[in-house]
Peer 1: 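Just passing along the structure, written as structure tokens.
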Protein chains: 2
Amino acid sequence: MARIKPSHIEVLLNYKLWLSSVTGEGIIEEDRYELLREIHKKGSLSAAAKELGISYRKAWGDLKKAEQLLGYELTVKKRGGASGGCSTLTDKAIKLLEAYKALHVQMDDAVEKAYRDFKKKL
Amino acid sequence: MARIKPSHIEVLLNYKLWLSSVTGEGIIEEDRYELLREIHKKGSLSAAAKELGISYRKAWGDLKKAEQLLGYELTVKKRGGASGGCSTLTDKAIKLLEAYKALHVQMDDAVEKAYRDFKKKL
DNA sequence: CGGCGATATGACATTTAATACATAACGAAC
DNA sequence: GTTCGTTATGTATTAAATGTCATATCGCCG
């Protein structure tokens with residue numbers, strides 16, 4: 001029984017994209033994008049955290065850091081009331097999300113093309 | 001005396017590119033590319049490590065891991081002898097370096113363009 | 001007013017990754 | 001066979017990211 005011996009191991013191309021402050025500190029990358037998107041969908045930070053399977057503590061810390069680095073609020077936060085409270089995205093946050101999404105789509109295309117070219121050269 | 005108040009904080013776009021095995025483990029990224037390039041230039045792993053300001057231990061571990069994940073040798077290693085020993089790149093490694101370099105140039109262009117488009121949308 | 005559910009935050013524990021330290025093996029040259 | 005610089009590798013220490021726990025605040029509503 002013959003066994004196929006691959007002439008080379010498969011190599012994959014990966015990339016990570018993120019927005020940062022001028023000091024290099026990360027503001028928005030994939031995870032925080034997801035967090036904001038989920039807040040937008042659910043209207044609540046705790047619900048978003050639960051959906052994503054991360055602790056409220058971490059979600060809150062991430063959100064706070066992003067806002068601090070950006071210098072403006074990404075969410076309008078309310079606490080108390082019948083529902084306990086809620087968090088909704090600001091207009092700026094929504095705009096940022098849309099721009100980031102478009103950025104990501106564009107980069108995905110570029111990476112795919114670069115990967116094809118790369119394999120030809122290998 | 002008036003003070004200029006920026007309407008928005010500057011946001012930078014960053015990306016990281018790397019080759020991985022199918023299991024997702026990283027093989028080659030910027031640092032390891034530099035390491036291989038330096039080995040090629042110096043003909044020695046320890047000299048390369050010194051040049052890059054990292055410990056020999058780390059350089060050796062990085063190289064070993066890359067080779068293990070790729071399934072083939074990136075360097076020909078010799079120890080002992082008058083000079084103590086040396087490390088030189090294999091043909092496959094040289095080819096890999098060239099392909100990675102081209103990949104990076106291509107991606108840099110793509111990122112620059114994506115960043116311009118991104119800022120317009122913001 | 002007391003309970004509920006969400007935001008808000010500090011303190012501590014744990015897990016993971018990077019780095020440092022130590023030590024062995026090798027082989028040509030002298 | 002001793003010296004020297006390099007490859008080779010295990011172990012230990014540190015540092016950073018992440019998770020856990022506890023506790024407080026808020027404000028509608030029954």
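Residue numbers start from 1 in every chain, and the chains themselves are labelled A, B, ... in the order their sequence lines are given, proteins ahead of strands. For the numbers below, each heavy atom of this structure counts, side chains included, while hydrogens, waters and symmetry mates do not.
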Peer 1: Taking only the side-chain nitrogens and oxygens of K64(B), find out if one of them lies under 4.0 Å from OP1 or OP2 of dT9(D).
Peer 2: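 Answer yes for this pair, as a side-chain N or O of K64(B) is under 4.0 Å from OP1 or OP2.
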Peer 1: Using a heavy-atom cut-off of 4.0 Å across all strands, would you classify G81(B) as base, sugar-phosphate, or nothing?
Peer 2: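 Base: the residue G81(B), judged by heavy atoms under 4.0 Å, touches a nucleobase.
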Peer 1: Give me each pair satisfying ring pair (Phe, Tyr, Trp, His ring centres under 6.0 Å) with a member in residues 23-48 of chain A, each pair once, sequence neighbours excluded.
Peer 2: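 Listed by first then second residue: Y33(A)-Y100(A).
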Peer 1: Would you classify G80(B) as touching base, sugar-phosphate or nothing, given that sugar-phosphate means primed atoms plus P, OP1 and OP2, and contacts are heavy atoms under 4.0 Å?
Peer 2: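 The residue G80(B) makes base contact.
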Peer 1: With a 4.0 Å cutoff (strictly under), does any side-chain N or O of S87(B) reach OP1 or OP2 of dT6(D)?
Peer 2: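 Answer no for this pair, as no side-chain N or O of S87(B) is under 4.0 Å from OP1 or OP2.
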Peer 1: dA28(C), dT7(D), dT9(C): which one has an atom nearest the side-chain heavy atoms of A82(B)?
Peer 2: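 Within the option list, the nearest is dA28(C).
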Peer 1: Can you list, in residue-number order, the parts of residues 23-62 of chain B that come under 4.0 Å of DNA chain D, counting heavy atoms only?
Peer 2: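 Result for residues 23-62 of chain B: S44(B), L45(B), S46(B), Y56(B), R57(B), W60(B), sorted by number.
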Peer 1: Answer yes if the ring centres of H104(A) and F118(B) are under 6.0 angstrom apart, and no otherwise.
Peer 2: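 Here the rings of F118(B) and H104(A) have centres that are no less than 6.0 Å from each other.
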Peer 1: Just by distance, do the side chain of E67(A) and the backbone of L74(A) share a donor-acceptor pair under 3.5 Å?
Peer 2: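 Here the side-chain-to-backbone pair exists.
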Peer 1: Do K77(B) and S87(B) have side chains that get closer than 4.5 Å, going by heavy atoms?
Peer 2: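 In short, these two side chains touch, coming nearer than 4.5 Å.
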Peer 1: Is it true that the NZ or CZ of K92(A) lies under 6.0 Å from the centre of Y72(A)'s six-membered ring and within 45 degrees of the ring axis?
Peer 2: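 K92(A) over Y72(A) ring: yes.
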Peer 1: Roughly how many Å is it from NZ in K78(A) to P in dA8(C), rounded to a whole number?
Peer 2: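 Going from K78(A) (NZ) to dA8(C) (P), I get 12 Å.
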Peer 1: Whole-Å distance between dT7(C) P and R79(A) CZ?
Peer 2: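 Roughly 11 Å, once rounded to whole Å.
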Peer 1: D31(A) vs D62(A), test: side-chain contact (heavy atoms from CB on, under 4.5 Å). Steps then yes/no.
Peer 2: CA-CA 9 Å; D31(A) 286 353; D62(A) 284 357; 5.9 Å; no
Peer 1: dA28(C), OP1 or OP2 - any side-chain N/O from S83(B) closer than 4.0 Å?
Peer 2: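 So the side-chain polar atoms of S83(B) never come under 4.0 Å of the phosphate oxygens OP1 or OP2 of dA28(C).
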Peer 1: Rounded to whole angstrom units, what separation is found between the NZ atom of K65(A) and the P atom of dA16(D)?
Peer 2: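 The answer, rounded to whole Å, is 12 Å.
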